[in-house]
2 protein chains.
Amino acid sequence: MSQPTPGIPRNTRQRAEVLALLEEIDGFRSPQQLHTALRDRGARVGLTTVYRALQVLVEATEVDTMRLPSGEQLFRRCSPTHHHHLVCRRCNRTVEVAGPAVETWAVAVAAQHGFTEVSHTLEIFGCCADCTGAR
Amino acid sequence: MSQPTPGIPRNTRQRAEVLALLEEIDGFRSPQQLHTALRDRGARVGLTTVYRALQVLVEATEVDTMRLPSGEQLFRRCSPTHHHHLVCRRCNRTVEVAGPAVETWAVAVAAQHGFTEVSHTLEIFGCCADCTGAR
DNA sequence: ATGGATGCAAATATTTTGCATTTTG
DNA sequence: CAAAATGCAAAATATTTGCATCCAT
């Protein structure tokens, strides 16, 4: 009933390059943006590989993923503990924020309505200080 | 500097059919699902028109939109006041929930980090009582 | 050497747009 | 009758998959 079982991820140059790039960036980026940036710095990596590398990295909790209201999926290197994001609409700079109260509230509200196996998504958007000033 | 200015929406049969269908459904649906349902009940409406009707209805706050973590965009008839959704992962049944505390918390956290013009997205997922039992 | 990884092309899926025609107000 | 709306086909996006080849272990 289970899938063929993936196998242990290997350490490849491409995967390392994707992660290295993410380490240097402070904000979410799309697979396209990451691919372009890698090309620009001379790293030869295919777009398909960027997608697959991101999947693996998300799976390994090395990278976080998120979607804009528009649906665009973005990725970012981040800490492994559960948290939410405060993202700048202009420059995509991101601050990780913890919301213990929100977590428990969500579970409580869900329980009140008979829901179990609760999970949630939460993103906060705004205009950061730098971008507000530079306006 | 401004766009050609749209103009006032007109009342068309197709738009009415989309809204009528949404009135009968208790949960989020994709444009595709809505289009298929309309066809099945004999309403002749093009998929493109369903998309455009949904845009207009969302604009008029008659309909709410939301995305699954997978990125699928879904729509649902709902109340015009600000609220969040508690959605069943299995049947998509939806409960509107208010979260005043969350709203203020989001603004406060954002302000602490110098962010202005704050907005946020929040969705709660779980398995509803019916679906848990029928498992 | 074995099987995961890569990269290209092609396939999918989703949403938008051009445009001639129809319909609303 | 002017402008908005429709509905197709085609375009634009975004992401996935087939497959031969490559490379990490």
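Below, chain A is the first sequence line, B the second, and so on; all start at residue 1.
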> Starting at the 5' end of DNA chain C and moving along, which residue's nearest nucleotide shows up first, B/G71 or B/T12?
Replying inline: B/G71
> Pick the nucleotide of DNA chain C nearest each of B/S30 and A/Q14; which residue has the one closer to the 5' end?
Replying inline: A/Q14
Below the 4.0 Å mark, does [N] have OP1 or OP2 next to a side-chain nitrogen or oxygen of [X]?
X: B/T49; N: D/dG7; value: yes
X: B/R10; N: C/dT23; value: no
X: B/Q55; N: C/dT16; value: yes

>> What I want to find out is whether B/R29 reaches B/E72 closely enough, with some N-O distance under 4.0 Å, to be called a salt bridge.
In response: no
> Would you call B/R15-B/E62 a salt bridge at under 4.0 Å N-O?
Replying inline: no
In whole Å, I'd like the distance from the [atom1] atom of [X] to the [atom2] atom of [N].
X: B/Y51; N: D/dC8; atom1: OH; atom2: P; result: 16 Å
X: A/L54; N: D/dT15; atom1: CG; atom2: P; result: 10 Å
X: B/R67; N: C/dA13; atom1: CZ; atom2: P; result: 18 Å
X: B/Q73; N: C/dT15; atom1: CD; atom2: C1'; result: 9 Å
X: B/L68; N: C/dA13; atom1: CG; atom2: P; result: 17 Å
X: B/H35; N: D/dC8; atom1: NE2; atom2: C1'; result: 11 Å
X: B/E17; N: D/dA5; atom1: CD; atom2: P; result: 16 Å
X: B/L47; N: C/dT15; atom1: CG; atom2: P; result: 9 Å

> Which of the following nucleotides, D/dT15, C/dT17, C/dG7, is nearest to the side chain of A/R13?
Replying inline: C/dG7
> What about A/R52: does its side chain form a donor-acceptor pair under 3.5 Å with the base of C/dA5?
Replying inline: no
> Where do A/L54 and A/P31 come nearest, in terms of heavy atoms and distance?
Replying inline: CD1-CG, 4.0 Å
> What heavy-atom pair brings B/R77 and B/L22 nearest, and what distance separates the two atoms?
Replying inline: CB-O, 3.7 Å
> So if you build clusters from Ile, Leu, Val, Met, Phe, Trp, Tyr with side-chain heavy-atom gaps below 4.5 Å, do B/V58 and B/Y51 land together?
Replying inline: no
